[in-house]
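First up is the structure itself, then whatever we jot down about it.
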Amino acid sequence: MPRRYDPGRRQRIIDAAIRVVGRDGIAGLSHRTVAAEADVPVGSTTYHFATLEELLVAALRQANEGFGRVLAELLPEGGDGDLAADLARALGKWLAGERTGVELEYELYLAALRRPALRPVAAEWTEQGAALLARRTDPVTARALLALMDGICLQVLLTGGSYDEEYARATLARLIP
């Protein structure tokens, strides 16, 4: 039987992995669960991703793109507005969206603590986020702002509380020279 040409299969597998982790957590991720979710044979998942680590790396890279797009959109290069207000608005937009996606991104991001293969991807996101912020401030402040934004997001997610944009703006403003 000839092999079926399916150029979108790899992407469907990544999308399925993100859905599985979003629904069942990383513990629920296996080649079998992803294949079932993507409606592909298990052999397709192992063909495109020999290990679950490779699949998690691809999923984390894709998940990281979401907040990066929000930041890039709300922090245009050369912008000169109130940076703290712009960042607080970006966090609000991010947290106001589908919470499952935000939770998924942090679950994948924090998985790097136990899975060394994910660390370079988490580091890439930190570098990209800091570079976006450094367009409006110095590099040290950019990293501090990114760390504070991560902390605010994690507190909102872990407590189930609502996001307070004014609190975020005031707190972020304390770090901006």
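- At a threshold of 4.5 Å between non-hydrogen side-chain atoms, the residues R61 and V57 count as touching.
- Taking CG of L175 as the reference point, atom CG of L83 lies at 10.0 Å (rounded to 0.5 Å).
- Using a 4.5 Å heavy-atom threshold, the side chains of R19 and D15 count as touching.
- Here T137 contributes atom OG1 and L133 contributes atom CG; the two are 8.5 Å apart, rounded to the nearest 0.5 Å.
- Remark: side-chain polar atoms of S44 are not paired, donor with acceptor, to backbone N or O of V40 under 3.5 angstrom.
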Could you pull out every donor-acceptor pair under 3.5 Å between side chains of residues 140-156 and any protein atom, sequence neighbours left out?
unit_1	atom_1	unit_2	atom_2	d
T141	OG1	D138	OD1	2.6
T141	OG1	D138	OD2	3.1
R143	NH2	E127	OE1	3.2
R143	NH2	E127	OE2	2.3
D150	OD1	Y106	OH	2.6

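- Between I13 and L55 the shortest side-chain heavy-atom distance falls below 4.5 Å.
- Listed here is the closest heavy atom pair of L71 and A90: CD2-CB, 4.1 Å.
- Taking each heavy atom of G22 and L104 in turn, the nearest pair found is N-CD1, 3.8 Å.
- Taking the side chain as every heavy atom from C-beta outward, K93 and Y163 never approach each other to under 4.5 Å.
- Summarising the geometry, atom NE2 belonging to H48 is positioned 9.5 Å from atom CD1 belonging to I14; distances are rounded to the nearest 0.5 Å.
- With sequence neighbours left out, the salt bridge (Lys or Arg N to Asp or Glu O under 4.0 Å) criterion links D6 to R4, R9, R12.
- Although no hydrogens or angles enter the test, the distance criterion places no donor-acceptor pair under 3.5 Å between the side chain of E53 and the main chain of R115.
- Listed for the R32 side chain is no donor-acceptor partner under 3.5 Å among the backbone atoms of V42.
- Distance check, rounded to the nearest 0.5 Å: CZ of R174 to OG1 of T171 gives 6.5 Å.
- Here L110 contributes atom CG and E103 contributes atom CD; the two are 12.0 Å apart, rounded to the nearest 0.5 Å.
- Formation of a donor-acceptor pair under 3.5 Å by the T126 side chain with backbone atoms of A122 is found in this model.
- Taking the side chain as every heavy atom from C-beta outward, L56 and T51 never approach each other to under 4.5 Å.
- From R114, atom CZ reaches atom CD1 of I26 across 12.0 Å, with rounding to the nearest 0.5 Å.
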Does W94 form a side chain to side chain contact (heavy atoms under 4.5 Å, CB included) with E105? I'd like the steps, not just the answer.
CA-CA 11 Å; W94 182 238; E105 183 170 337; 2.8 Å; yes
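- The list of salt bridge (charged side-chain N to carboxylate O under 4.0 Å, His left out) pairs with a residue in residues 160-172, not counting sequence neighbours, reads E166-R169.
- Taking 4.5 Å as the limit, every side-chain heavy atom of E37 sits out of range of all side-chain heavy atoms of V34.
- Across all their heavy atoms, L52 and H31 have their closest contact at CD2-N, 3.7 Å.
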